[in-house]
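Treat the numbers as computed from the prediction; the structure is a model and nothing was measured.
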Amino acid sequence: MTKEENEARLAKLKAIVSALPEKPGSYQYYDAEGTIIYVGKAKNLKNRVSSYFHSEVDRFKTKVLVSKIWDISYTVVNTEEDALLLENALIKKYNPRYNVLLKDGKTYPSICITKEYLPRIFSTRTINKKGGTYYGPYSHVGSMHAVLELIKKLYHPRTCKFPITKEGVEQKKYQLCLEYHIKNCGGPCVGKQTLEDYQKNIEQAREILKGNTRQVLRDMKEEMMQLAEELRFEEAEEIKRRYLLIESFVASSEVVSYTINNVDVLSITNDDKVAFINYIHVSNGQINQSFTFEYKKKLEETDEELLQLAIVEMRERFKSHAKEIILPQEINLDLEGVTISVPQRGDKKKLLDLSLMNGKQYKFDRLKQAEKLNPEQKSVRLMKELQDLLHLPKLPYQIECFDNSNISGSDAVAACVVFKKMKPSKQDYRHYNIKTVVGPDDYASMKEVVLRRYQRLIQEQQPLPDLIVADGGKGQMEVIRQVVQDELNLDIPIAGLAKNDKHRTNELLYGFPARVIGIKDTSELFRVLSRLQDEVHRFAITFHRDKRSKHALHSELDDIKGIGPKTRDELLNSLKSVKKIREAELSVLEKIIGKQKAKIVFDYFSS
């Protein structure tokens, strides 16, 4: 598109905007092919649509959207609530490219009560509203099974899939099955349980699924008292058994106050590209619906915009007519006959916190699921987390950590461990014999090793690390800084990992002067950093032990030029000690290792 064509396009759009009414409604943007690419709603159409074309718009994605718009249409409605409903309907119909994408939860199971002569109750993931009434969906499958188990214990609905009819029962076409004999079914198919009694049980089951357990309990208590007055104690005892079962279930599942009734609760948990909105419905003081929706952002939508969209979507989906909506923040939305509240304390605040906890858990579960499918995603997340924590200029793809090991200065060694993408890169590990330091001087040893490491990387033009970690506190960090920044003029971030009295990693240090960086010791990132420190310590200690072992096994025979380990071992096996080898005659040595090598050994000790 040429500059002239773009200017003509914008002039046309601005002319349309200038003629828009200052009334509530929904607006639609079209691309060059006439396809709807965005649907929005507004309390004032003219003000809202014109805001897209202001020169000071700084959101990149909004600028991209505007560059794709070739035409605008709109629909005027009476109220903002009608605009919301219209926007929701149009988004579902056209699925515009730049609108928030709702990831539907159709895979969550629901509970179905069929419309048969003798209704069945079961869980299903397939919705066919012609076949029955559905309750759910249930985001927590365990809760759904708990409700089904309660209904099974209370009312014994039939589990067989026979197409039982009234005529079939009257003509005695059916036979009792095992479920009847083990008391899991009342046998309504053969008249053992009356149709009236069976349907009464199904209706009570419906009320439980709706969350109306209090009304069910009240009705059962009245029936129980009536039966007792009529001296029908066995029937009253059966009602009492059911009453106690429901009461026990309510006590274990109830998390809110009896005073809260018919309330919707929504909370939002944000990510860069996705928002997770949890919806909870409370009826008769009990949570009877909890669900988390996932919205994929397209235009950097605000929390307020997402919550407005979610309120309409969820109230429509769950057929909610709640008169109060609890939210984590104030939003500019007027719904007729509905109060929006932002609680700061009390039972309603506990409900909001519960909703937020569910949203965060759902986000965490989705993240874990994605990381199992794509392990690289976990590495990138941890690198990004460390980058944000330390304010690093780039992702810490390559991290290097140093440690020294010696005993009173003897056999002094050092080690360098390399992590790439937050995982050990063992082929890049290096160990060093300390060459220039005499005695136990950790700082001088660290200085020597770091200098040797990065001088070599520079000479060989190898990649330098994105972060250096010292196995220690401020002292080790300062030594590394002197080498890296002062001597080599390299700009590499330096951190430190300090240990407590129990020799466990407990602090992450960064900056000069070094400061403690707040990080939870239970976090995944902290565990990776602890592993880095443990790994460099293990690598250094192992190398030091190997060197001490070799030193302890050193023999004077090892100093004789021309005598190797095999010859040495043959002499020691035969003569048992260096002293006896020194005192042996040449003829004795020749019998063991031959004339040539025997002469070398004999001449060495003779001199």
Side-chain angles (χ1 to χ4, degrees), residues 24 26 40-43 77-89 91-92 99-100 102-105 108 135-140 210-212 214 254-270 275-295 297 301-363:
S26 173
K41 53 95 181 56
K43 186 184 290 186
V77 293
N78 292 320
T79 65
E80 187 184 4
E81 182 178 0
D82 292 337
L84 269 167
L85 294 170
L86 178 59
E87 177 198 35
N88 188 51
I91 289 174
K92 285 183 176 179
N99 276 98
V100 169
L102 170 63
K103 292 194 72 178
D104 206 337
Y108 286 100
Y135 301 88
Y138 288 84
S139 57
H140 188 263
K210 290 177 185 177
N212 298 332
R214 306 203 181 292
E254 204 150 45
V255 293
V256 293
S257 169
Y258 293 166
T259 60
I260 299 177
N261 181 37
N262 201 20
V263 171
D264 287 334
V265 186
L266 289 94
S267 66
I268 184 166
T269 303
N270 254 318
F276 302 93
I277 297 182
N278 176 261
Y279 168 82
I280 287 176
H281 181 74
V282 180
S283 178
N284 291 320
Q286 184 180 356
I287 294 174
N288 60 12
Q289 191 59 257
S290 177
F291 201 85
T292 301
F293 287 82
E294 184 178 336
Y295 288 87
K297 299 180 185 178
E301 291 83 0
T302 64
D303 287 0
E304 181 175 358
E305 291 170 334
L306 292 168
L307 283 169
Q308 288 176 345
L309 180 65
I311 286 172
V312 175
E313 170 68 35
M314 297 188 191
R315 285 171 68 86
E316 178 186 329
R317 174 175 294 233
F318 295 108
K319 304 295 185 290
S320 172
H321 301 288
K323 298 300 181 183
E324 182 179 4
I325 301 175
I326 296 174
L327 297 176
Q329 65 183 66
E330 296 284 353
I331 66 170
N332 187 15
L333 178 64
D334 294 323
L335 297 176
E336 186 176 351
V338 177
T339 303
I340 294 178
S341 59
V342 183
Q344 303 300 318
R345 62 184 67 84
D347 290 329
K348 291 182 180 179
K349 180 63 167 63
K350 290 178 182 177
L351 267 177
L352 187 60
D353 291 341
L354 180 67
S355 175
L356 186 62
M357 180 183 70
N358 275 272
K360 288 181 177 179
Q361 184 62 43
Y362 183 88
K363 175 185 174 182

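- Between the side chains of Ser355 and Asn278, at least one donor N or O lies within less than 3.5 Å of an accepting N or O.
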Problem set entry | Full working for side chain to side chain contact (heavy atoms under 4.5 Å, CB included) between Ile277 and Leu309 | CA-CA 10 Å; Ile277 297 182; Leu309 180 65; over 6 Å; no
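- Note: Gln308 CD to Glu301 CD = 12.0 Å, rounded to the nearest 0.5 Å.
- Between Lys41 and Val312 there is no side-chain heavy-atom pair separated by less than 4.5 Å.
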Which side-chain N or O atoms in residues 319-326 pair as donor and acceptor under 3.5 Å with protein atoms at least two apart or in another chain?
unit_1 : atom_1 : unit_2 : atom_2 : d
Lys319 : NZ     : Glu316 : O      : 3.4
Ser320 : OG     : Asp264 : OD1    : 3.1
Ser320 : OG     : Asp264 : OD2    : 2.8
Ser320 : OG     : Ala322 : N      : 3.3
Glu324 : OE1    : Lys348 : NZ     : 3.0
Glu324 : OE2    : Ser341 : OG     : 2.9
Glu324 : OE2    : Lys348 : NZ     : 2.8

For this session: Please test Leu354 against Val265 for side chain to side chain contact (heavy atoms under 4.5 Å, CB included), starting from the C-alpha separation and ending with a verdict.
Result: CA-CA 10 Å; Leu354 180 67; Val265 186; over 6 Å; no
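- For the atom pair Thr269 OG1 and Asp303 CG, the distance stands at 9.5 Å (nearest 0.5 Å).
- Ring geometry for Tyr295 versus Phe293: interplanar angle of 30 to 60°, hence tilted.
- The minimum heavy-atom distance between Ala310 and Leu266, with the atom names listed, is CB-CD2, 4.0 Å.
- Not counting sequence neighbours, Glu304 has no partner by the salt bridge (Lys or Arg N to Asp or Glu O under 4.0 Å) test.
- For the atom pair Met314 CE and Leu307 CG, the distance stands at 9.0 Å (nearest 0.5 Å).
- At distances below 3.5 Å, at least one donor-acceptor pair connects side-chain atoms of Gln344 with backbone N or O atoms of Val342.
- Residues meeting the salt bridge (Lys or Arg N to Asp or Glu O under 4.0 Å) test with Lys349, sequence neighbours left out: Asp353.
- From Gln329, atom CD reaches atom CD1 of Ile268 across 7.5 Å, with rounding to the nearest 0.5 Å.
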Exercise. So Lys43 and Asn332, side chain to side chain contact (heavy atoms under 4.5 Å, CB included) or not? Walk me through it.
Worked result: CA-CA 10 Å; Lys43 186 184 290 186; Asn332 187 15; 3.1 Å; yes
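- In this structure, Ile311 CD1 and Leu333 CG are separated by 5.0 Å, a value rounded to the nearest 0.5 Å.
- Scanning both residues, Leu327 and Leu352, for their nearest heavy atoms gives O-CD2, 3.6 Å.
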